[in-house]
Amino acid sequence: MNIDFNKMNGLVPAIIQDNITRKVLMLGFMNKEAYEKTIETGKVTFFSRTKNRLWTKGEESGNFLHVVSVKEDCDQDTLLILVTPVGPVCHLGTDTCWGETNEKEPVLFLKDLQDFIVKRYEEMPEKSYTTSLFQSGVNRMAQKVGEEAVEMVIEATNGTDERMIYEGSDLLYHLIVLLTSKGYRIEDLARELMERHSASWTKH
């Protein structure tokens, strides 16, 4: 990277983002030495404007920010650093400097589940239920989606909410397996729904 440290008198802002949750954790500033130390040690190091020295986040608290990746913006004067945080990031004890809880939104797990199922499809490990579904063929996979949908309807109309959620989860899982076998992902359904949500969408 060719970072321009001259625009702000030797400093560039560094946006710190959690690699898993994608939450923005904090903003700090780096000079060239802080950047080089960050790359060398794998722990985020800033230039402290109040202390006028390099400062590795967590050097006192132990709440280090372990670097996953570093990117520069289009003007080469701002850094985006993806990290794995150890403990709270803010000196006030909160997960982020905006007082937010650093948790992944549950809906984002669907992408992780899709990735896991794709890996199963590529590797086909023995004694895996997902592997057995792929080996059973499209007709059986489609049948399983139908069965799970019926079970969810039964729980919704004559069962309990807890069982409805349980069966709904089974439905989503088997639907993703079916989509994967056909070369699609859960994001393709999300994209379709986004298009339908547009004011310009017309029903086919």
Chemist: Give the minimum heavy-atom separation between Ile186 and Leu110, together with the two atoms involved.
Modeler: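 It is CG2-O, 4.1 Å.
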Chemist: Flag the pair Glu155 / Tyr166 as yes when at least one side-chain heavy-atom distance between them is below 4.5 Å, and no otherwise.
Modeler: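 No, every pair of side-chain atoms sits at 4.5 Å or beyond.
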Chemist: Mark yes when over 12 heavy atoms from residues, nucleotides or ligands other than Phe5 sit less than 6.0 Å from its CZ; otherwise mark no.
Modeler: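 Result for CZ/Phe5: enclosed.
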Chemist: Does the side chain to side chain contact (heavy atoms under 4.5 Å, CB included) test come out yes or no for Leu171 and Glu167, once each step is laid out?
Modeler: CA-CA 6 Å; Leu171 173 59; Glu167 298 298 346; over 6 Å; no
Chemist: Indicate yes or no: does Glu59 engage Lys51 in a salt bridge with an N to O separation below 4.0 Å.
Modeler: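 Looking at Lys51 together with Glu59, the answer is no, because their closest N to O distance does not fall below 4.0 Å.
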Chemist: For Asn19 and Leu82, indicate whether the former's side chain and the latter's backbone hold a donor-acceptor pair under 3.5 Å.
Modeler: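 Between the backbone of Leu82 and the side chain of Asn19 there is no qualifying donor-acceptor contact (under 3.5 Å).
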Chemist: Is a donor on one side and an acceptor on the other found under 3.5 Å between the side chain of Gln17 and the backbone of Arg22?
Modeler: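 Yes; judged by distance alone, with no hydrogens or angles, the pair exists.
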Chemist: With sequence neighbours left out, write down each residue that passes side-chain hydrogen bond (donor to acceptor under 3.5 Å, both in side chains) with Ser69, or none if nothing qualifies.
Modeler: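 Ser69: no side-chain hydrogen bond (donor to acceptor under 3.5 Å, both in side chains) contacts found.
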Chemist: Mind listing the closest non-hydrogen atom pair of Glu100 and Asp95 along with its distance?
Modeler: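 Glu100 and Asp95 have their closest heavy atoms at O-CB, 3.3 Å.
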Chemist: Could you give me the CA-CA distance, side-chain angles and deciding distance for Thr41 and Thr56, then say whether side chain to side chain contact (heavy atoms under 4.5 Å, CB included) is met?
Modeler: CA-CA 10 Å; Thr41 64; Thr56 299; 5.8 Å; no
Chemist: Decide, yes or no, whether a salt bridge links Arg185 with Asp115 under the criterion of side-chain N to carboxylate O below 4.0 Å.
Modeler: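 Result for this pair is yes, salt bridge flagged.
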Chemist: Looking at every heavy atom in both Val86 and Gly62, which two are closest together, and how far apart are they?
Modeler: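 Heavy atoms of Val86 and Gly62 come nearest at CG1-O, 3.8 Å.
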Chemist: Short question: side chain of Asp73, backbone of Asp77 - any donor-acceptor pair under 3.5 Å?
Modeler: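 Checked: pair present.
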Chemist: Let me see the working for Ile16 and Val44 under side chain to side chain contact (heavy atoms under 4.5 Å, CB included), right down to the final yes or no.
Modeler: CA-CA 9 Å; Ile16 310 301; Val44 174; 4.1 Å; yes
Chemist: If we ignore hydrogens and angles and just use 3.5 Å, is the side chain of Thr131 paired with the main-chain N or O of Pro125 as donor and acceptor?
Modeler: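 Checked: pair present.
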Chemist: Does Lys43 make a cation-pi contact with Phe64, if we ask for NZ or CZ under 6.0 Å from the ring centre and within 45° of the axis?
Modeler: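 Geometry flag: set, cation within 6.0 Å and 45°.
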Chemist: Identify whether the distance between the nearest side-chain nitrogen and carboxylate oxygen of Arg196 and Glu192 falls below 4.0 Å.
Modeler: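 Counted as a salt bridge, because a side-chain N and a carboxylate O are separated by less than 4.0 Å.
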Chemist: For Arg49, is the CZ atom crowded, meaning more than 12 foreign heavy atoms sit under 6.0 Å from it?
Modeler: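 No, CZ of Arg49 has 12 or fewer neighbouring heavy atoms, counting only those of other groups under 6.0 Å.
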Chemist: Treating Thr45 as the side-chain partner and Ala34 as the backbone partner, does any N or O pair qualify as donor plus acceptor under 3.5 Å?
Modeler: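 Not confirmed, Thr45 side chain does not pair with Ala34 backbone.
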Chemist: Could you walk me through whether Thr130 and Tyr173 pass side-chain hydrogen bond (donor to acceptor under 3.5 Å, both in side chains), step by step?
Modeler: CA-CA 10 Å; Thr130 306; Tyr173 161 76; 2.7 Å; yes
Chemist: In the structure I gave you, are the side-chain heavy atoms of Tyr35 and Val70 within less than 4.5 Å of one another anywhere?
Modeler: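 Tyr35 vs Val70: side chains touch.
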Chemist: State plainly whether the residues Glu40 and Lys37 are in salt-bridge range, i.e. N to O under 4.0 Å.
Modeler: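 Here Glu40 does not pair with Lys37 in a salt bridge, since their nearest N and O are not under 4.0 Å apart.
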Chemist: Identify the heavy atoms of Gly93 and Pro88 that sit nearest to each other, and give their distance.
Modeler: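 In this case the closest contact between Gly93 and Pro88 is O-CB, 3.5 Å.
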Chemist: For atom NZ of Lys104, decide whether the heavy atoms of other residues, nucleotides or ligands shown that lie under 6.0 angstrom number more than 12.
Modeler: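 Check passes, neighbour count above 12.
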Chemist: Within the supplied structure, the quantity of interest is the number of heavy atoms (other residues, nucleotides, ligands) at a distance under 6.0 Å from Lys119 NZ; does it exceed 12?
Modeler: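 No - once you tally the heavy atoms of other residues, nucleotides and ligands closer than 6.0 Å, there are 12 at most.
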Chemist: Identify the heavy atoms of Met152 and Met164 that sit nearest to each other, and give their distance.
Modeler: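 Looks like CG-O, 4.0 Å.
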Chemist: Please step through side chain to side chain contact (heavy atoms under 4.5 Å, CB included) for the pair Val89 and Lys57, ending with a clear verdict.
Modeler: CA-CA 8 Å; Val89 171; Lys57 180 72 178 69; 4.1 Å; yes
Chemist: CG of Leu193 to CG of Asp188: how many Å apart, nearest 0.5 Å?
Modeler: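 Here the interatomic distance stands at 11.0 Å.
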Chemist: Answer yes if Leu80 and Leu27 sit in the same cluster of Ile, Leu, Val, Met, Phe, Trp and Tyr residues linked by side chain heavy atoms under 4.5 Å apart, and no otherwise.
Modeler: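 Cluster IDs for Leu80 and Leu27 match.
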Chemist: Asn31 side chain to Glu33 main-chain N or O, any donor-acceptor pair under 3.5 Å?
Modeler: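 Side chain of Asn31 to backbone of Glu33: a pair is present.
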Chemist: Is any side-chain heavy atom of Leu54 less than 4.5 Å from a side-chain heavy atom of Phe47?
Modeler: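 Contact flag for Leu54/Phe47 side chains = yes.
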Chemist: If you compare all heavy atoms of Val177 against all heavy atoms of Met141, which two are closest, and at what distance to 0.1 Å?
Modeler: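 That closest heavy-atom pairing would be CG1-SD, 3.6 Å.
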Chemist: Please examine the side chains of Leu79 and Glu72, heavy atoms only from C-beta on, and report whether any two atoms are closer than 4.5 Å.
Modeler: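 Yes, close enough: below the 4.5 Å cut-off.
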Chemist: Can you tell me how far apart NE2 (His91) and CG (Asn63) are? Round to the nearest 0.5 Å.
Modeler: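 It is 13.0 Å, given to the nearest 0.5 Å.
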